[in-house]
Amino acid sequence: MHRSELTIDLGALRRNVRTLLRALGGAQLWAVVKADAYGHGAVDAGGAALGAGAHALCVATIEEALELRIEFPTARILCLGPLDSSRDIADARDANVELAVSGTELPEGVRVHLKVDTGMGRFGLTELVQPTRNVVGLMSHLATADTNAAFAHEQIERFTELVRPYRGELICHLANSAAALRIPEAHFDAARCGVALYGLSPFMDDPAVDALEPVLQWRSYLTQVKQLQPGASTGYGRRFVAERPTWIGLVPVGYADGFRRDLTGTEVRVGGEPRKVVGTVSMDSFAVELDRELPVATPVTIVGHGVLAETHARAAGTINYELVSRINADPRRTRRTVVDA
């Protein structure tokens, strides 16, 4: 029996694609499937996104691009990450993969998107170089579309001025998921959307606020149930000490599986009811406080069916992207199922 089960709903992903396309109002949607589609499976997610109307796939590395090229021989694929070697460029050329370039030396024989830094302070040209014949796009990246619309609009204005001479000639793209959903001025010709594809809120809201549906469900079960007497504790460091006779259930998932050590205090659903995670999360298990004795094998929903990755992320002081991308899908620990609901 597997310690946990991941279920990926491609039907929900396709509905999220259509939601984003409606928000974009005619701009293209480029689906970001880097990091194994944020833990959802790049091939499955990429195929569903393209089938629902996405125009291209975006990845972080050439290796990710080559894996997708095998599955999608004719898809437009853009590699967003920096290149490590001339071998990367040769592989991109052979596989017809487009490259985001942040330097002044432009590779030959491969289609290029020049990336300019309009305020992210990360990869990107400080000044736009003259595009050569193999440049097909101009791009930048927003730093605060989810948190500070005023600064995002400053970036939009800078990008608008930079690309003005090339509109209609080169494809211009700036928006991420947050801007696709709520900043129409950022849409330009295409938007590179990642987190919203997977039904995760770029604003750390309930995804339903933006008509998004979570794609991933993560479930486990109670592997042991015991009653702690007053003064007894569970887990390392005695962080939870029973004040009265208290039933606890042990779930065979821990930080080695991607359930972070700092998720103590969050809630999961045990038998459909919300229950608090107590004590220190271990490498291979965590404990939940119960209101009564429950049978071993009672199902536990870690993510899904009202248990939001956003809620867990707030408890851990992080973002939903990080939580889902770190779920361990190793088949020796986790069973992964793909459905189309």
Side-chain angles (χ1 to χ4, degrees), residues 17 20-21 24-34 42 46 49-50 53-118 120 122-142 155-156 158-177 179-180 185-194:
V17 168
L20 287 164
L21 287 170
L24 288 170
Q28 294 180 8
L29 170 62
W30 290 21
V32 181
V33 294
K34 63 182 179 178
L50 291 170
H55 282 74
L57 302 176
C58 301
V59 295
T61 69
I62 292 297
E63 289 77 14
E64 290 177 339
L66 297 179
E67 177 187 12
L68 292 175
R69 177 56 74 216
I70 294 170
E71 299 293 332
F72 310 113
T74 62
R76 187 171 201 173
I77 300 175
L78 170 62
C79 179
L80 300 169
L83 305 178
D84 293 329
S85 65
S86 58
R87 179 73 260 171
D88 286 346
I89 297 172
D91 286 342
R93 185 184 301 117
D94 293 343
N96 191 27
V97 171
E98 302 176 23
L99 301 176
V101 174
S102 299
T104 56
E105 294 187 15
L106 305 185
E108 290 294 330
V110 60
R111 291 191 292 182
V112 165
H113 297 248
L114 292 178
K115 187 171 187 178
V116 291
D117 181 7
T118 57
M120 183 70 178
R122 203 172 58 175
F123 299 111
L125 295 157
T126 53
E127 299 289 338
L128 182 60
V129 300
Q130 181 64 36
T132 59
R133 57 185 172 83
N134 60 322
V135 173
V136 297
L138 301 175
M139 62 183 289
S140 189
H141 193 55
L142 293 169
Q155 286 193 257
I156 293 166
R158 293 176 197 147
F159 189 67
T160 299
E161 289 303 311
L162 285 169
V163 304
R164 192 183 307 279
Y166 307 102
R167 291 303 305 274
E169 176 186 350
L170 303 177
I171 188 164
C172 300
H173 46 111
L174 171 68
N176 54 11
S177 288
E185 298 86 352
H187 292 173
F188 291 91
D189 301 313
R192 305 182 308 273
C193 297

>> Using the side-chain contact (heavy atoms from CB on, under 4.5 Å) criterion, which residues pair with Asp94? Sequence neighbours excluded.
In response: Arg87
> What residues, two or more places apart in sequence or in another chain, satisfy side-chain contact (heavy atoms from CB on, under 4.5 Å) together with Leu83?
Replying inline: Ile62, Asp88, Ile89, Leu99
> Could you give all pairs that pass the ring pair (Phe, Tyr, Trp, His ring centres under 6.0 Å) test and reach residues 70-89, with sequence neighbours left out?
Replying inline: none
Heavy-atom donor-acceptor pair, [X] side chain to [Y] backbone, under 3.5 Å:
X	Y	result
Ser140	Val116	yes
Gln155	His141	yes
Asn134	Val110	yes

> Looking at residues at least two apart in the chain, or sitting in another chain, which of them share a salt bridge (Lys or Arg N to Asp or Glu O under 4.0 Å) with Arg93?
Replying inline: none
Is there a side-chain contact between [X] and [Y] in this structure, where contact means two heavy atoms from C-beta onward sitting under 4.5 Å apart?
X	Y	value
Arg192	Leu80	yes
Val32	Leu57	no
Leu174	Leu142	yes

> Looking only at heavy atoms, which two atoms of Glu71 and Pro73 are closest? And how far apart?
Replying inline: O-CD, 3.4 Å
>> Taking ring pair (Phe, Tyr, Trp, His ring centres under 6.0 Å) as the definition, give me every residue that meets it alongside His113, ordered by chain and number, with sequence neighbours left out.
In response: Trp30, His173
>> Can you tell me how far apart CZ (Phe159) and CG (Asp117) are? Round to the nearest 0.5 Å.
In response: 12.0 Å
>> Any carboxylate oxygen within less than 4.0 angstrom of a Lys/Arg side-chain nitrogen, looking at Arg133 and Glu108?
In response: yes
> Charged N to carboxylate O under 4.0 angstrom, Glu98 versus Arg76?
Replying inline: yes
Please tabulate, for side-chain N and O atoms in residues 122-131, each donor-acceptor pair with protein atoms closer than 3.5 Å (sequence neighbours left out).
none

